[in-house]
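Protein chains get the first letters and strands the later ones, always in sequence-line order, with residue 1 at the start of each.
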2 protein chains.
Amino acid sequence: MVAPERRRRLTISDVAKHAGVSKAAVSKVIRNDYGVSEAMRDRVQRAIDELGYRPQAAARALRGRSFTIGVLMRHIGIPFYAEIMTGLVDQLAESDYQAIMIQGGTRDKTEKRALDALIDRQVDGILTIAPMVGRTQLEQVAREIPTVVLGRHNRSPAYDSIVDDDRIGSELVMDHLIALGHRRIGHITFHQEHGRTADQMPRIRAETYERVMRDHGFADEIAVAATSYSEEGGYDGARELLSRAPRPTAIFAGSDEAALGVLAALHEAGLSVPGDISVAGYDNTRLAAHPNIALTTVNQDGDVMGRMAGRLLLERIEGRTSAVHFSVIPSLVVRRSTAAPRPCPADTGTQMPSE
Amino acid sequence: MVAPERRRRLTISDVAKHAGVSKAAVSKVIRNDYGVSEAMRDRVQRAIDELGYRPQAAARALRGRSFTIGVLMRHIGIPFYAEIMTGLVDQLAESDYQAIMIQGGTRDKTEKRALDALIDRQVDGILTIAPMVGRTQLEQVAREIPTVVLGRHNRSPAYDSIVDDDRIGSELVMDHLIALGHRRIGHITFHQEHGRTADQMPRIRAETYERVMRDHGFADEIAVAATSYSEEGGYDGARELLSRAPRPTAIFAGSDEAALGVLAALHEAGLSVPGDISVAGYDNTRLAAHPNIALTTVNQDGDVMGRMAGRLLLERIEGRTSAVHFSVIPSLVVRRSTAAPRPCPADTGTQMPSE
DNA sequence: TCGCGTACGTAGACCGGTCTATGCAAGATA
DNA sequence: TATCTTGCATAGACCGGTCTACGTACGCGA
């Protein structure tokens, strides 16, 4: 019982022999290096094509580049991340670089392990999407490898960053709701304990919410549920907001995930959307678009972000050392989850569903 | 303007020097190889810890293993894939292997490129999730690298495969609908032109549907819309089925994606679910669980599948050469999208919404 | 013809690990 | 005592690329 002979892979030497030239010459052709005659190029290229040779990334990595971009994300099941990847892959398609992804999970330890794994695999550039790891550590990574951080407002001169302009996005939502006639608008935010590693994003959305409320003279109506951006957080937050009297006529959830939780809570409470309450989210996930959900939300152009990430990484690999911070302007997507509040003769005294 | 000195990475030689031993000794300790005294192990381990050394995967790959498992998937935004990854990562957590993912996209060419990229990066094992590439090519890959194919019924002695038992899953749905009292049940299937690379999965689901219908004496009620498993396919398929008179009282969509399209079409047609029509899907995606959708569907345990994939790959890497084909028994998740058909005095003559 | 610069091609070191072959010492066996 | 085994440590080849340093041929001006 012998293991089947695992066919040896073609090497650059095979190509060199087949073309009757040196390894170095083949290498030069592959890398489009200077000092190759037209005849040599043709000859080697023909040999490569005939044999179907592809260089081995590991060997290249050992000496120079691995032609690999590593992307670190918490989980893969997130449609927005998929969009980012689409943009990134598109951008890299014309280069020789390939994007690989790795899951960091939601624990510091697993994320660290994943990040190390990318570094150990000699990737030429790293894109981290909404990482949990602290700035200091990111800077350390960035010193070794070109790095782009997406979705964290935590700037650093050591790495490039790409963020959505959350201030503008939140204003879009609030202006929309207020234009519809709402004034008792609740907000669900993400409460982070650790100020150290916390990102400013939820804070920006919450602050903008409060500012706009105040600007319109609705300071007394400000109602924030500080739970989390998860579906569960949205559910809990919604129940908290609903327990107020009078209850809000609209809820601006800090994320679509949370908005889904809000919808679930409203559904459970027997309240209709947007009849009884309008709901808006943030992120324009794919679920938000489904007719049964039809959530008004803020669209961050993940495709553009991913594309930009690819460009910044390639630039860094080419040698740029100054940091670039890119801000993407989001847009509002109005769907059926928001409408004018139900006209009410008396503005107070709406009945609550009994607990 | 000089680029900042990029700090040289620690190598095995640094560790050896620091511990006052040979490179080979350090290598042995790292790999838990035979022929290392207790004293040596301690000494080297201490040096590794003190310096914070981590071996470089590229260098290891060149000689032996890269300790990397490559996962090829079409897109990352699919919750079911996320579950698979969770299982896989869990399974690999105790080993020294790391899973990386790569997007193959939906075109043959891009998928091929992604697959090559994994091979060029010397991964020790490959998991392909519902690949488009033909069996012959998969077999060729499998000859070079341990391979597990998930989600294709296309078996081969060259690689392991993991599939959901679609026959059982489809029976679960059909039995459920029939037990509720339905007999005019429509089905939406995925029509594939290219028999060559086509997978049998949609065929199995469709055939099981027809068989169960016949077994219950409902052969005359068989109604299949051959579109696709996408949301759009579901939408088109539903409209096709609705145009029949009498229209079905239940629709079994071959996938949740398609089921979502069905819901959208029904919503548009002003039909209520499950009041007018029951809808069932297949896959138990995350959307299916949301209260606003609450889709009855078939759950494939992605976690178990991913875990199994990891185990099979590790076994193959350890030297197993015989093929294993693993079938996961799915389960039915009953939600609010299915109910008994509306009692009707006359079974025919239900009015259609005008087109 | 000589000297020199330029263009092109190659030999061989090198990257950081693994792995084989070998050395060496201590204990077992003849 | 001589030989053999066993356990442990090491030197150095090796993986498949890249890259430096050098050799060679050719063109051109003096």
- Side chains of B:Q98 and B:T68: do they bring a donor and an acceptor to under 3.5 Å?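 Their side chains do not contain a donor-acceptor pair, so the 3.5 Å distance test is not met.
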- Flag for B:R41-B:S37: side-chain donor and acceptor within less than 3.5 Å: no
- In residues 38-62 of chain B, which ones come under 4.0 Å of DNA chain C, going by heavy atoms? B:Y53, B:P55, B:Q56, B:A59, B:R60, B:L62
- Query: Which of residues 19-29 of chain B sit near DNA chain C, with a heavy atom under 4.0 Å from it?
  - Reply: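 When residues 19-29 of chain B is checked for heavy atoms under 4.0 Å from DNA chain C, the hits, listed by number, are B:K23, B:A24, B:S27.
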- Item | For chain A, the stretch of DNA chain D it reaches, first to last nucleotide, under 4.0 Å of its heavy atoms | D:dG16 to D:dC19
- Would you mind telling me which residue lines up with the more 5' stretch of DNA chain D, B:R63 or B:S37, judged by nearest nucleotide?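 Checking each residue's closest nucleotide, the 5'-ward one belongs to B:S37.
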Can you tabulate the close N/O pairs, meaning under 3.5 Å, that link protein atoms to atoms of nucleotides 24-28 of chain C?
none

Separation of [N] [atom2] from [X] [atom1] (nearest whole Å):
X     : N      : atom1 : atom2 : value
A:I12 : C:dA11 : CD1   : C1'   : 14 Å
B:Y34 : C:dC19 : OH    : C1'   : 16 Å
A:K17 : C:dT10 : NZ    : C1'   : 16 Å

- Residue pairs meeting ring-ring contact (aromatic ring centres under 6.0 Å, His included), one or both in residues 100-154 of chain A, sequence neighbours left out, come to none
Can you check whether [X] reaches [Y] side chain to side chain, under 4.5 Å on heavy atoms?
X      : Y      : value
A:R152 : A:Y159 : no
A:I69  : A:I100 : no
A:I30  : A:I12  : yes
B:V15  : B:L10  : no
B:M308 : B:L150 : no
A:V324 : A:V148 : no
B:V163 : B:F326 : no
B:E315 : B:D160 : no

- Axis-to-axis angle between the two ends of the helix from C:dT1-D:dA30 to C:dA30-D:dT1 (five base pairs per end, rounded to 10 degrees):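 Inter-axis angle at the termini of the helix from C:dT1-D:dA30 to C:dA30-D:dT1: 60°.
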- Query: Which pair of heavy atoms, one from A:R121 and one from B:S66, lies closest together, and at what distance?
  - Reply: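 Reported closest heavy-atom pair: NH2-O, 3.6 Å.
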- Item | side-chain hydrogen bond (donor to acceptor under 3.5 Å, both in side chains) partners of residues 80-91 of chain B, not counting sequence neighbours, each pair once | B:D90-B:R307
- Message: Can you pull out the residues from residues 114-126 of chain A that lie within a 4.0 Å heavy-atom distance of DNA chain D?
- Response: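 Per residue number, the list is empty: none.
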- Listed by chain and number, what are the side chain to side chain contact (heavy atoms under 4.5 Å, CB included) partners of A:R155, not counting sequence neighbours? A:S161, A:H325
- Task: For the pair A:R107 and A:E111, find out whether any cationic side-chain nitrogen is under 4.0 Å from an anionic carboxylate oxygen.
- Result: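 Salt bridge absent between A:R107 and A:E111.
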- Item | Residues which pass side chain to side chain donor-acceptor pair (under 3.5 Å) with B:Q103, listed by chain and number, not counting sequence neighbours |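 Applying side chain to side chain donor-acceptor pair (under 3.5 Å) to B:Q103 gives none.
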Please tabulate, for side-chain N and O atoms in residues 53-62 of chain B, each donor-acceptor pair with protein atoms closer than 3.5 Å (sequence neighbours left out).
from	atom 1	to	atom 2	distance (Å)
B:R54	NE	A:D120	OD1	2.9
B:R54	NE	A:D120	OD2	3.1
B:R54	NH1	A:D116	OD1	3.4
B:R54	NH1	A:D116	OD2	3.4
B:R54	NH2	A:D120	OD1	2.9
B:Q56	NE2	A:Q122	OE1	3.2

- Message: Test of understanding: with ring-ring contact (aromatic ring centres under 6.0 Å, His included), list the residues that count as partners of A:F67, not counting sequence neighbours.
- Response: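 Scan of A:F67 (ring-ring contact (aromatic ring centres under 6.0 Å, His included), adjacent residues dropped) gives A:Y97.
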